[in-house]
Amino acid sequence: MTYDGLTYDELYEKNRRYLWNPFTQMKEYLADDPVIIESGNGSRLRDVKGNEYWDGVSSVWLNVHGHRVPELDSAIRQQLDRIAHSTLLGMGSVPAILLAEKLIQIAPKGLGKVFYSDSGAEAVEIALKMAFQYWKNRGIEGKKTFVTMREAYHGDTVGAVSVGSIDLFHQVYSPMLFPSIKVPFPNVYRNQYGNTVEDVMNGSLRTVEEVFQKQANEIAAMIVEPVQGAGGMVPMPPGYLRELRKLCSTHNILLIVDEVATGFGRTGKMFACEHDGITPDILTVAKGITGGYLPLAATLTTDKIYDAFYADYDEVKTLYHGHSYTGNQLGCAVALANLELFERNNLISEVEQKTKDLQRFLDPIHSLAHVGDVRQSGFMVGIEMVEDRATKQPYPWQRRMGVRVARRCRELGMLLRPLTDVVVFMPPLSSTREELQAMVSIIQQGIADVTEDSELVF
Ligand SMILES: *Cc1c(COP(=O)(O)O)cnc(C)c1O
């Protein structure tokens, strides 16, 4: 099949007639001259009109080594010469086994088993079901509920939304959801506890502890993001996750760490848990696992959890969960090649080094008149715009400042996807210093143009 020769107008028309895009108000999308991507290379994307752009959010938080990486392309081609897919239900496959071994080698110490799925949301669903059934299989009744954090995002399936807490996304579905206990995230910029990092840490941890003290007998697990992603790119203060790990252990509550966004080098370590030197009971990963190539996800657990399911068949302790494409060979093959490239390119220490340069490039953005907060964890950056810096007064949501900045940046040659008034910058981990500087300059100009020039019309 070839699709060369189709014009933008023809593709636009087919999009309008047949395609419903995710997380997208189609009326707005169709009215806004949508970008239709045709190809990519390195940190760049090219649309069917021939325009080129920086991929400023790694194709929404996925991409690691850039686009069209020869090693990754050839890993898929080589796997295709063997087989594209066979099931993992009741049988094994070569790349799925080898990738599981590799994941356990690089994961926080103490995790022992890998359960695959196809997306981050599914990895979270599986984590929730495992935690729930773990207690049941051990004969401990009553531990059925989950603790999560406000503004949490764990994916869009109904279980994942039940432990999510972003009103704009989740409110409409609330009658469909199971209840969960929500505690405040330690957001140093916006919180009820105080202005210092210590105030926020201690206040937030005390809230968690109070909930645990009262309800530990009902709680199966707590689920957290080390850096809240969709909630606005907000990192936990250093040390917070370590304290939370202790609280969970003390109160006999499983800790699920959702590293779908932060995993695979994004924060400057292979996994964000490493910053605090902790091991969760269950770890969810997806996005960067295939370098941004194919849908694959995994839920990693300790052997202690696995062992609670390991029994004679008639004990009915099996984890009855799986998907048609669980552990897809093409996905596992490219994930293995992805992890090999991390080693060959020394990518983690490269990201650690370049994180400091990126911080320097971001400096001028702090002093823009309508930038309230610039948050960075490795190559994960959130720039929160406010109407009034002194009072942290947000813009009225109807003004869609994030969307307007992204639209301006598109004109300036970079594709972004904001979170309300937070400009998100998540470049591919392979981006060079020069590329990072060029991308940050566009963001700086985009924000200044939109927030400081009221004459500018979009
Ligand atoms: C993106 C994301 C998910 C959902 O992953 P999908 O692959 O989009 O289903 C879950 N948790 C976090 C923290 C994420 O950033």
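Values below: all heavy atoms of this structure, side chains included; hydrogens, waters and symmetry mates excluded. Indexing begins at 1, ligand by ligand and atom by atom, following the structure's order.
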Salt bridge present between Lys144 and Glu218 (N-O < 4.0 angstrom): no

Test: Asp307 and Lys304 ion pair at under 4.0 Å: no

For [atom], find the nearest protein heavy atom and state the residue, atom name and distance (0.1 Å precision).
atom                    : answer
atom 3 (C) of ligand 1  : Val260 CG1, 3.6 Å
atom 5 (O) of ligand 1  : Gly120 CA, 3.2 Å
atom 13 (C) of ligand 1 : Asp258 OD2, 3.3 Å
atom 15 (O) of ligand 1 : Lys287 NZ, 2.6 Å
atom 9 (O) of ligand 1  : Ala121 N, 2.8 Å

The single option from Met149, His154, Glu125 passing side chain to side chain contact (heavy atoms under 4.5 Å, CB included) against Val163: His154

Among Ile278, Thr279, Asp276, Leu300, side chain to side chain contact (heavy atoms under 4.5 Å, CB included) partner for Pro108: Thr279

Enumerated ligand 1 atoms positioned under 4.0 Å from heavy atoms of Gly155: 4 (C), 10 (C)

Where ligand 1 meets Trp61 - atom numbers and elements under 4.0 angstrom, heavy-atom basis: 15 (O)

Geometric cation-pi criterion, Lys143 with Phe132: 6.0 Å, 45°: no

Pi-cation contact, Trp54 with Arg44 (under 6.0 Å, within 45°): yes

Under-4.0 Å heavy-atom contact with ligand 1, by part of Ala286 that carries it: neither

